[in-house]
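Residue numbers start at 1 and run along the sequence shown. For ligands, and for the atoms within them, numbers begin at 1 and follow the listed sequence.
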Amino acid sequence: MIAELTIDRDVLRGNVARLAGLVAPARYAAVVKANAYGHGLIETARALEGRVAGFCVYRVDEAATLRAAGVGEPLLVLGPVEPSELGTALQCKAALTLWNASFARTLGRFARARGSRYPVHVKIDTGVTRLGLEPADAAAAIVAILDDGGLLLRGTFTHLGAAEELESAYTLEQLVRFEAALAPVDATLAAAGVLRHAAASAAAMLYPRARLDLVRAGIATYGIWPSPQTRAAASATLDLVPALTWTTKLVLTRDVEAGRSVGYGCTFTAARPSRIGVLPIGYAEGLPRALSGSDGVALLHGRRVPFIGRICMNMSFLDVTDVPSANTGSAVTLIGRDGNDALAADDLAAAAGTIGYELVARLPPDIPRRYVGSPPGPAP
Ligand SMILES: *Cc1c(COP(=O)(O)O)cnc(C)c1O
């Protein structure tokens with residue numbers, strides 16, 4: 001095995017329990033798009049079954065995968081639905097996101113023709129300028145959806161664009177726009193038990209007013225902070241623990257003389273007699289190529305060792321000169337704890353000029369994932 005991801009189910013559950021406790025009475029939906037942020041879609045959802053109010057995915061096929069794995073929780077598809085997926089979506093009883101009145105009518109007709117109904121959540125764009133109805137159009141669209149026998153309105157939501165920042169006026173403005181858009185139909189929505197939601201992880205931590213009926217927490221579920229600011233502001237009241245460890249091993253070590261260059265482009269030249277460790281993974285395995293020439297490090301026998309040279313497609317290099325015990329087969333930790341030191345996804349991401357979100361979302365699905373912690377089952 002050239003590299004391995006280890007995911008601790010109990011750590012996932014602990015993160016959920018603590019953030020859920022913080023946001024209660026708002027409910028907690030775990031966002032498991034992008035292969036559960038690289039943690040494994042099915043295994044992550046199964047580990048959290050019975051402990052969350054539902055799961056958010058991006059695509060219909062992810063919802064179908066969860067249903068085929070026996071996941072019975074409410075599901076919400078956040079992204080677009082292809083006409084060819086309408087049947088699957090209906091079958092797997094996943095709620096769909098609506099941001100277009102004519103698509104709502106299409107869905108309604110499709111379901112009515114089959115004597116069924118789509119659960120739906122209406123998305124309102126309050127300022128991300130991505131998906132969502134204009135606030136001014138929302139109330140009329142909601143009334144039409146409530147009147148459509150092929151649709152079952154379960155929720156209305158918006159997404160916040162600047163909630164990783166502290167005291168962001170923009171976030172408060174977005175919440176005000178959301179509330180104003182729904183004001184004409186408030187009583188109807190309340191009577192129908194329609195959930196209102198706005199907060200992803202950052203807003204769930206930092207903006208109590210955004211918690212509403214439900215939070216959609218992705219990154220925090222996995223124990224990764226949405227941003228350094230959220231960490232600074234919330235880590236006193238919320239403990240997040242990374243659930244994922246990424247390890248590999250030195251496939252060989254070799255001693256090189258001063259002046260020897262290492263890797264493509266000769267971007268690294270040994271300034272001293274050096275010991276180079278070769279790793280059997282590169283950018284095809286999810287190690288960002290942007291780590292080339294960065295101050296990125298890995299852990300080896302509890303010590304930090306720098307990446308050197310360029311990250312190749314399937315290989316990469318560490319300078320292990322200062323760890324004399326390093327040898328072929330030595331374990332290397334890219335994310336996780338080794339001895340007294342630990343590297344977070346954000347540390348590796350920062351060295352590569354990106355964020356923890358991107359790093360874990362791009363971990364290839366075919367790296368072996370090992371799950372530890374108590375097996376899936378009902379919450380205690
Ligand atoms: C991805 C996503 C989330 C989760 O965001 P995190 O910052 O990972 O918690 C919530 N809502 C929507 C609409 C999303 O696309």
Where does A217 meet ligand 1, judged by heavy-atom distances below 4.0 Å: at the side chain, the backbone, both, or neither?
-> backbone
Is there a nitrogen or oxygen of I219 sitting under 3.5 Å from a nitrogen or oxygen of ligand 1?
-> yes
Check for a donor-acceptor pair, side chain of R114 on one end and backbone N or O of F110 on the other, with a separation under 3.5 Å.
-> yes
Taking heavy atoms and a distance under 4.0 Å, where does Y58 meet ligand 1: side chain, backbone, both or neither?
-> neither
Main-chain N/O of T126 paired with R177 side-chain donor or acceptor, under 3.5 Å = yes
Residue, atom name and distance, where the atom is the protein heavy atom closest to atom 7 (O) of ligand 1 = Y357 OH, 2.6 Å
Between Y28 and T221, does any side-chain donor sit less than 3.5 Å from a side-chain acceptor?
-> yes
Polar proximity ligand 1 side, G218 side, N/O cut 3.5 Å exclusive | yes
If we number the atoms of ligand 1 from 1 as shown, the ones under 4.0 Å from a heavy atom of Y37 are 1 (C), 4 (C), 5 (O), 6 (P), 8 (O)
Shortest protein contact, atom 5 (O) of ligand 1 (heavy atom only) | A200 CB, 3.4 Å
Under 6.0 Å from the CZ atom of R9, do we count more than 12 heavy atoms belonging to anything else shown?
-> yes
If we ignore angles and hydrogens, is there a donor and acceptor under 3.5 Å between the side chains of H39 and T44?
-> no
Identify, with sequence neighbours excluded, every residue that meets ring pair (Phe, Tyr, Trp, His ring centres under 6.0 Å) alongside H159.
-> none
Considering E164, H159, K33, which one's heavy-atom position lies nearest to atom 15 (O) of ligand 1?
-> K33
Side-chain H-bond candidate by donor/acceptor type, R13 with S374, under 3.5 Å = yes
Going by the atom numbers of ligand 1, which of them fall below 4.0 Å from some non-hydrogen atom of V31?
-> 3 (C), 4 (C)
Looking only at protein heavy atoms, which one is nearest to atom 11 (N) of ligand 1, and how far off is it?
-> R216 NE, 2.8 Å
Please answer whether the main-chain N or O of A344 pairs with a side-chain N or O of D347 as donor and acceptor at a distance below 3.5 Å.
-> yes
Nearest to atom 9 (O) of ligand 1, what protein heavy atom do you find, and at what distance?
-> S201 OG, 2.5 Å
